[in-house]
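Scroll down for the structure; my scribbles are underneath it.
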Amino acid sequence: MRYLIVADIHSNLEAFTAVLRSAKGEGEITEIWCLGDIIGYGPDPRGCLQLLREHPHICVAGNHDLAAIGKIDTSDFNVAAALATNWTSQHLSNEDIQYIESLPLKKEVGNFTLVHGSPRGPIWEYVLSPVEALASLPYIFTDYCLFGHSHVPDLFQFEGNDCYQIQLPSTLRPDKNRFMLNPGGVGQPRDRDPRASFVIYDSVSNSIRHYRVKYDISATQEKMTRLGLPQSLANRLSYGM
Ligand code: ZN
């Protein structure tokens with residue numbers, strides 16, 4: 001069984017399509033595990049929702065998903081993010097809205113907990129340091145946790161009472177050490193690598209592999225410009241930040 005784990009697609013259909021093509025190129029995908037923020041920022045909210053829903057998948061809600069359907073307010077968003085949220089909310093069908101409303105904030109799948117921000121604060125909290133990872137540990141009831149929100153591939157490994165932040169390796173074998181893993185962002189990476197980031201968990205070989213894939217960034221940027229989305233959001237895709 002191969003599980004494609006993605007986070008922060010952010011209405012970037014070119015990036016999401018490239019990720020799916022790459023993931024399927026190496027074998028069948030049993031299920032997509034999506035860690036939220038399917039929409040927001042980018043030009044193709046409906047296309048990304050549709051593409052995700054065409055596949056067997058499990059998904060949790062992100063802050064941008066909930067903001068676009070008016071479930072949380074955008075007062076904590078910066079100006080560009082709020083403008084893009086406004087635009088996104090005007091480009092969703094009733095079916096899209098119902099789908100997002102149905103998404104849980106947290107989901108346990110076998111040995112994994114799926115969440116957007118953190119297990120302690122699924123909507124808003126960023127996990128960027130071992131201190132934040134340790135604060136979330138009491139809220140994780142599985143061995144491992146998969147999260148997004150920061151758009152940065154990351155690994156927090158727990159050993160006894162300690163937590164170590166490690167660069168996400170190309171291959172990881174889940175073992176007795178619990179961890180929190182961020183697969184990085186698909187549609188708006190922020191680790192200065194503009195390529196889409198994702199991981200694949202193979203439950204048969206018990207391995208998690210990290211991948212980066214190039215996509216047609218200029219195609220996404222041109223759509224954003226044409227649709228009047230903030231230019232700063234288009235520009236940042238070139239730099240992966
Ligand atoms: Zn996001």
Side-chain angles (χ1 to χ4, degrees), residues 1-62 64-65 68 88 91-93 95-96 99-100 102-103 107 109-110 112 114-116 146-153 168 170-172 181-191 193-205 207-224 234 237-238 240:
M1 310 282 246
R2 295 172 77 241
Y3 301 90
L4 168 61
I5 299 160
V6 291
D8 298 287
I9 296 166
H10 281 299
S11 302
N12 189 333
L13 190 58
E14 283 72 26
F16 189 26
T17 304
V19 165
L20 278 166
R21 193 183 305 126
S22 168
K24 288 177 184 175
E26 292 196 2
E28 204 180 317
I29 296 294
T30 311
E31 203 169 47
I32 300 173
W33 294 352
C34 176
L35 308 174
D37 278 6
I38 312 157
I39 58 173
Y41 292 135
D44 283 301
R46 298 201 63 190
C48 288
L49 284 163
Q50 204 175 337
L51 188 56
L52 176 65
R53 295 176 66 191
E54 277 170 16
H55 294 79
H57 72 281
I58 292 171
C59 186
V60 292
H64 283 261
D65 305 318
T88 303
H91 290 83
L92 296 176
S93 68
E95 201 189 326
D96 295 332
Y99 170 75
I100 293 167
S102 76
L103 296 176
K107 182 89 185 166
V109 194
F112 294 86
L114 278 51
V115 72
H116 180 63
L146 304 167
F147 69 102
H149 196 38
S150 69
H151 303 200
V152 173
L168 187 56
S170 56
T171 305
L172 171 73
L181 183 153
N182 187 328
V186 170
Q188 194 203 76
R190 292 181 190 162
D191 60 331
D193 182 340
R195 296 174 300 170
S197 185
F198 64 101
V199 305
I200 291 177
Y201 166 51
D202 187 323
S203 63
V204 177
S205 63
S207 66
I208 295 179
R209 287 192 65 190
H210 180 216
Y211 297 82
R212 298 305 289 245
V213 66
K214 281 188 183 170
Y215 72 95
D216 191 347
I217 293 174
S218 58
T220 306
Q221 289 170 323
E222 278 161 26
K223 283 185 196 173
M224 292 175 76
L237 297 177
S238 300

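Model, not experiment: these values are computed from the prediction. Note that these values count all heavy atoms, side chains included, but never hydrogens, waters or copies made by symmetry.
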Checklist entry - Looking only at heavy atoms, what is the nearest atom pair of Ala196 and Val19, with distance? => result CB-CG2, 3.6 Å

Next on the checklist: Less than 4.5 Å apart, side chain to side chain, heavy atoms only: is that true for Leu146 and Val115?
Outcome noted: no

Checklist entry - Are any of the side-chain heavy atoms of Pro194 and Ile217 separated by less than 4.5 Å? => result yes

Checklist entry - Can you list every ring pair (Phe, Tyr, Trp, His ring centres under 6.0 Å) pair that touches residues 13-32, not counting sequence neighbours? => result none

Checklist entry - How about Ser238 and Gln221: do any of their side-chain heavy atoms sit closer than 4.5 Å? => result yes

Next on the checklist: Could you report the tightest heavy-atom contact between Leu237 and Gly187, atom names first, then the distance?
Outcome noted: CD2-O, 3.3 Å

Next on the checklist: Among residues at least two apart in sequence or on other chains, which ones pass side-chain hydrogen bond (donor to acceptor under 3.5 Å, both in side chains) with Glu95?
Outcome noted: none

Checklist entry - Who are the side chain to side chain contact (heavy atoms under 4.5 Å, CB included) partners of Ser150, not counting sequence neighbours? => result Tyr126, Leu128, Val152, Asn182

Next on the checklist: Can you tell me how far apart SG (Cys59) and CG (Asp65) are? Round to the nearest 0.5 Å.
Outcome noted: 6.5 Å

Next on the checklist: Between Tyr3 and Ile29, does the side-chain contact (heavy atoms from CB on, under 4.5 Å) criterion hold? Intermediate values first, please.
Outcome noted: CA-CA 6 Å; Tyr3 301 90; Ile29 296 294; over 6 Å; no

Checklist outcome for this item: Residue pairs meeting salt bridge (Lys or Arg N to Asp or Glu O under 4.0 Å), one or both in residues 1-12, sequence neighbours left out, come to none

Item to check | Pair Asp202-Ser205, side-chain contact (heavy atoms from CB on, under 4.5 Å): steps then yes or no | outcome: CA-CA 6 Å; Asp202 187 323; Ser205 63; 3.3 Å; yes

Checklist entry - At their closest point, which heavy atom of Tyr215 faces which heavy atom of Ala18, and how far apart are they? => result CB-CB, 3.7 Å

Next on the checklist: Rounded to the nearest 0.5 Å, what separates atom CD1 in Ile200 from atom OG1 in Thr171?
Outcome noted: 11.0 Å

Checklist entry - Quick one: salt bridge (Lys or Arg N to Asp or Glu O under 4.0 Å) partners of Arg212, sequence neighbours excluded? => result Asp191, Asp193

Item to check | Thr220: side-chain hydrogen bond (donor to acceptor under 3.5 Å, both in side chains) partners, not counting sequence neighbours | outcome: Asn12, Glu14

Item to check | All side chain to side chain contact (heavy atoms under 4.5 Å, CB included) counterparts of Val199, not counting sequence neighbours | outcome: Ile5, Leu168, Leu181, Pro183, Ile208, His210

Item to check | Partners passing side-chain hydrogen bond (donor to acceptor under 3.5 Å, both in side chains) against Thr30 (at least two apart in sequence or in another chain) | outcome: none

Checklist entry - When you look at Leu52 and Cys34, which way does the side-chain contact (heavy atoms from CB on, under 4.5 Å) test go after all the steps? => result CA-CA 9 Å; Leu52 176 65; Cys34 176; 4.2 Å; yes

Checklist entry - Applying side-chain hydrogen bond (donor to acceptor under 3.5 Å, both in side chains), which residue pairs with at least one partner in residues 47-62 are found, sequence neighbours left out? => result Lys24-His55, His57-Tyr99

Checklist entry - Can you tell me how far NE2 of His149 sits from NE2 of His151, rounded to the nearest 0.5 angstrom? => result 7.5 Å

Next on the checklist: So, using side-chain hydrogen bond (donor to acceptor under 3.5 Å, both in side chains) as the criterion, who are the partners of Tyr201 when residues are at least two apart?
Outcome noted: none

Distance-only check: which donor-acceptor pairs under 3.5 Å involve side-chain atoms of residues 35-45, not counting sequence neighbours?
| residue | atom | partner | partner atom | Å |
| --- | --- | --- | --- | --- |
| Asp37 | OD1 | Asn63 | N | 3.2 |
| Asp37 | OD1 | His64 | N | 2.8 |
| Asp37 | OD2 | His10 | NE2 | 3.2 |
| Asp37 | OD2 | His116 | NE2 | 3.2 |
| Tyr41 | OH | His64 | NE2 | 3.4 |
| Tyr41 | OH | Arg190 | NH2 | 3.2 |
| Asp44 | OD2 | Lys223 | NZ | 2.7 |

Item to check | Approximate separation, where rounding is to 0.5 Å, of Ile9 CD1 and Ser11 OG | outcome: 9.0 Å

Checklist entry - Which residues satisfy the salt bridge (Lys or Arg N to Asp or Glu O under 4.0 Å) test with Arg46, sequence neighbours excluded? => result Asp96

Item to check | Donor-acceptor pair, side chain of Thr17 and main chain of Leu13, under 3.5 angstrom | outcome: yes

Next on the checklist: If you compare all heavy atoms of Leu114 against all heavy atoms of Ile58, which two are closest, and at what distance to 0.1 Å?
Outcome noted: CD2-CG2, 3.9 Å

Checklist entry - Out of curiosity, Ser203 OG to Glu31 CD, how far, rounded to the nearest 0.5 Å? => result 10.5 Å

Item to check | Separation between CD of Glu26 and CZ of Arg209, rounded to the nearest 0.5 Å | outcome: 5.5 Å

